Participant: 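The structure's right below; bear with me while I get my questions together.
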Amino acid sequence: MYRSKIAGIGHYVPERRVPNKELENLMDTSDEWIVERTGISERRFGKRYEENTTMLGAKAARKAIADAGIEASEIDFIIFATLSPDYFFPGCGVLLQRELGITSTEIGALDVRNQCSGFVYGLSVADQFIKTGHYKNILLVGSEMHSMGLDFSTRGRNVSVIFGDGAGAVVLQPAGDSEPSEILGTYLHADGTYAEELAFISPGAHGGVFGQDQDFGFDKEDNWKSIFVTEKMLEDGLLYPHMNGQLVFKTAVQKFPAVIMEALQKAGKSPEDLKILIPHQANLRISQFVQRRLGLKDEQVYSNIQKYGNTTAASIPIALSEAYSEGRIQRGDLVCLAAFGSGFTWGSALFNW
Ligand code: UT7
């Protein structure tokens, strides 16, 4: 068995800053409400009709590949985590392969659909492949272009003020015998009981069978008409993400500390051993709650949600990349990643940087 390490990292956020004040012009919301409830002051939005999720991911990926000191042609496996894919299918993994100019067909490309936990799930998959020696240079990307699919009217305000666009990427490789860098463990969890509490339900093939009492926007008249998207869904605004914010919040503040402690305990470590915790940037209040619960100092918890909002699968690699570029992580430091979100799915990863 090999040991795996993060060998390169990079991130990219679009240039356009969207302060809370700008959203006040679109919906009934306020800078005060958003800052108080989420900690977010602004987010970045990509350029419509010029940028997409794959392109943001490619910009982060090129930086991570350069940081690892390799060429894109040396990548032997791509893992792409997103909830805002460019196409319903195929996934962004193959689009990224094309965008990076990787022409080898010996490469595999996998899409991960675990939303906020997507990066941690992807890291776990990459870790297993490196450990077994199956692959040597795995590119893992988390990228989101949320701004394309949000409801910017007052109807969608509890969701749309939270999310932002961006991408982060890492390259995983086997660690050399004398290197301190090593992924110590990844821990994944899921509870499908709450699948619809944070979900983008239509378009899809669900046919409404999971929620007979809910209005899914079908007219149920024609057996041969596509019901992925109906006129009624468009009219009723059902083609947007739905979130039971309070339930997500309450569950998140339980699961985050538990899954972080799971990773630390399995490695024989405790919270004070952590150089830094990089939580998924869901809500500043959630991160602050987790910090208090684990007794962590301010410098042990990284937050950048203030300037980027919640970038879902991209939030952890963006935060990790920023923390690294700010000099807050040195080789050998103990780092914990933790995520919770739609599914519900949650997970953690512990490593020596
Ligand atoms: O990364 C994926 C995981 N997602 C999360 O972790 C999100 C977790 N949940 C949250 O962060 C919070 O639940 C929210 C920030 C989404 C909402 O905060 P909240 O304190 O739970 O607010 P609420 O949903 O209970 O709504 C309180 C009030 C409501 O008005 P009424 O019924 O009291 O009159 C909402 O309609 O705030 C209203 N509201 C807003 N007002 C201004 C909801 N969204 C907005 C808004 N601006 N954007």
Side-chain angles (χ1 to χ4, degrees), residues 18-43 81-84 112-121 142-144 146-147 149-166 168 189-191 194-201 237 240-260 278-291 293 303-306 308-319 337-348:
V18 180
N20 294 341
K21 283 274 170 207
E22 205 170 322
L23 300 180
E24 290 179 4
N25 302 327
L26 304 169
M27 63 186 86
D28 181 12
T29 191
S30 66
D31 179 46
E32 293 72 23
W33 191 97
I34 300 170
V35 171
E36 191 194 316
R37 307 273 177 141
T38 71
I40 299 166
S41 295
E42 61 178 26
R43 72 283 296 135
T82 185
L83 71 63
S84 50
V112 171
R113 300 201 43 181
N114 287 78
Q115 296 67 245
C116 308
S117 311
F119 187 81
V120 171
Y121 266 72
S143 180
E144 304 287 359
H146 286 304
S147 60
L150 296 172
D151 180 357
F152 289 111
S153 72
T154 297
R155 182 179 60 192
R157 66 184 177 172
N158 73 318
V159 173
S160 54
V161 301
I162 295 177
F163 293 99
D165 301 342
H189 296 272
D191 184 354
Y194 305 103
E196 287 79 15
E197 301 296 341
L198 176 48
F200 197 152
I201 288 170
Y240 292 113
H242 158 77
M243 178 169 70
N244 178 345
Q246 289 200 4
L247 177 71
V248 175
F249 194 105
K250 279 182 206 154
T251 315
V253 295
Q254 293 167 2
K255 300 302 185 192
F256 266 108
V259 80
I260 294 163
I278 311 271
H280 161 52
Q281 307 288 301
N283 182 323
L284 188 62
R285 308 293 161 237
I286 294 177
S287 297
Q288 289 168 335
F289 185 96
V290 173
Q291 178 180 343
R293 176 64 70 85
S303 293
N304 61 7
I305 191 170
Q306 300 89 334
Y308 301 137
N310 179 341
T311 56
T312 314
S315 94
I316 287 179
I318 293 173
L337 313 180
F340 174 86
S342 166
F344 295 150
T345 60
W346 61 103
S348 60

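Not measured: the values here are computed from a predicted model. Whatever order the structure lists them in is the order used to number ligands and atoms, beginning at 1.
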Participant: With a 4.0 Å heavy-atom cut-off (strictly under), which part of Ile286 contacts ligand 1: side chain, backbone, both or neither?
Facilitator: side chain
Participant: With a 4.5 Å limit on heavy-atom distance, are the side chains of Arg157 and Trp33 in contact?
Facilitator: no
Participant: For the backbone of Leu83 and the side chain of Gln115, can you confirm whether one donor and one acceptor N or O come within less than 3.5 Å of each other?
Facilitator: no
Participant: Counting N and O atoms only, with roles assigned by atom type, does the side chain of Asn20 sit under 3.5 Å from a partner on the main chain of Ile40, one being a donor and the other an acceptor?
Facilitator: yes
Participant: Could you list which atoms of ligand 1 come closer than 4.0 Å to a heavy atom of Val161?
Facilitator: 48 (N)
Participant: What is the distance from atom CG of Asp31 to atom OG of Ser41, rounded to the nearest 0.5 Å?
Facilitator: 6.5 Å
Participant: What protein heavy atom is closest to atom 27 (C) of ligand 1, reported as residue, atom name and distance in Å?
Facilitator: Arg37 NH1, 3.5 Å
Participant: Considering the heavy atoms of Ala282, write down every atom of ligand 1 situated less than 4.0 Å from one of them.
Facilitator: 1 (O), 6 (O)
Participant: Nearest protein heavy-atom contact for atom 5 (C) of ligand 1: which residue, which atom, what distance?
Facilitator: Val248 CG1, 3.5 Å
Participant: Under a 4.0 angstrom heavy-atom cut-off, which atoms of ligand 1 come close to Gly245?
Facilitator: 8 (C), 9 (N), 13 (O)
Participant: Determine the interplanar angle of the His146 and Phe163 rings, folded into 0 to 90°, and report it as parallel if under 30°, tilted if 30 to 60°, perpendicular if over 60°.
Facilitator: tilted
Participant: Please check if any side-chain donor atom of His280 sits under 3.5 Å from a side-chain acceptor atom of Ser315, or the reverse.
Facilitator: yes
Participant: Does either side chain, that of Ser84 or that of Glu144, offer a donor lying less than 3.5 Å from an acceptor on the other one?
Facilitator: yes
Participant: Which ligand 1 atoms are under 4.0 Å away from a heavy-atom of Cys116?
Facilitator: 1 (O), 2 (C)
Participant: With respect to His280, determine whether any N or O atom, backbone or side chain, lies less than 3.5 Å from an N or O atom of ligand 1.
Facilitator: yes
Participant: How far is atom 11 (O) of ligand 1 from its nearest protein heavy atom, and which residue and atom name does that atom have?
Facilitator: Asn283 ND2, 2.7 Å
Participant: Looking at atom 21 (O) of ligand 1, is any protein heavy atom nearer than 4.0 Å to it?
Facilitator: yes
Participant: Any sub-3.5 Å donor-acceptor pair from Thr82's side-chain atoms to Ser143's backbone N or O?
Facilitator: yes
Participant: Please state which option from Met27, Arg157, Glu32 has its nearest heavy atom closest to atom 30 (O) of ligand 1.
Facilitator: Arg157
Participant: Within less than 4.0 angstrom of ligand 1, does Ala252 place any heavy atom?
Facilitator: no
Participant: Judged by atom type as modelled, is there a donor-acceptor pair below 3.5 Å linking the side chain of Arg293 to the main-chain atoms of Ala258?
Facilitator: no
Participant: List the closest protein heavy-atom neighbour of atom 37 (O) of ligand 1: residue, atom name, distance to the nearest 0.1 Å.
Facilitator: Trp33 NE1, 3.3 Å
Participant: How does Thr38 reach ligand 1, if at all, at less than 4.0 Å between non-hydrogen atoms: by side chain, backbone, both, or neither?
Facilitator: side chain
Participant: Backbone N or O of Thr345 within a donor-acceptor pair of the Ser117 side chain at under 3.5 Å?
Facilitator: yes
Participant: For atom 1 (O) of ligand 1, grab the closest protein heavy atom and report residue, atom and distance to one decimal in Å.
Facilitator: Asn310 ND2, 2.5 Å
Participant: I need the contact type for Leu198 against ligand 1. Using non-hydrogen atoms and a strict under-4.0 Å cut-off, is it side chain, backbone, both or neither?
Facilitator: side chain
Participant: Identify the protein heavy atom lying closest to atom 47 (N) of ligand 1, giving its residue, its atom name and the separation to 0.1 Å.
Facilitator: Thr29 OG1, 2.7 Å
Participant: Going from OG on Ser348 to NZ on Lys255, what distance comes out if it is rounded to the nearest 0.5 angstrom?
Facilitator: 13.0 Å
Participant: Would atom 15 (C) of ligand 1 count as contacted, meaning some protein heavy atom under 4.0 Å?
Facilitator: yes
Participant: Any heavy atom of Thr312 sitting closer than 4.0 Å to ligand 1?
Facilitator: no
Participant: In terms of residue, atom name and distance, what is the protein heavy atom nearest to atom 25 (O) of ligand 1?
Facilitator: Gln246 NE2, 2.5 Å
Participant: Can you classify the ring geometry of His189 versus Trp346 as parallel (below 30°), tilted (30 to 60°) or perpendicular (above 60°)?
Facilitator: parallel
Participant: Should the proximity of Met243 to ligand 1, defined as any heavy atom under 4.0 Å, be assigned to the side chain, the backbone, both, or neither?
Facilitator: side chain
Participant: Return a yes/no value: protein heavy atom under 4.0 Å from atom 32 (O) of ligand 1?
Facilitator: no
Participant: Please check if the side chain of Arg285 supplies one atom and the backbone of Glu36 the other of a donor-acceptor pair under 3.5 Å.
Facilitator: yes
Participant: I'd like to check which ligand 1 atoms, numbered from 1 as shown, lie under 4.0 Å from a non-hydrogen atom of Ile162.
Facilitator: 16 (C)
Participant: Should the proximity of Asn158 to ligand 1, defined as any heavy atom under 4.0 Å, be assigned to the side chain, the backbone, both, or neither?
Facilitator: both
Participant: If you measure from NZ on Lys250 to CZ on Phe289, what distance do you get to the nearest 0.5 Å?
Facilitator: 12.0 Å
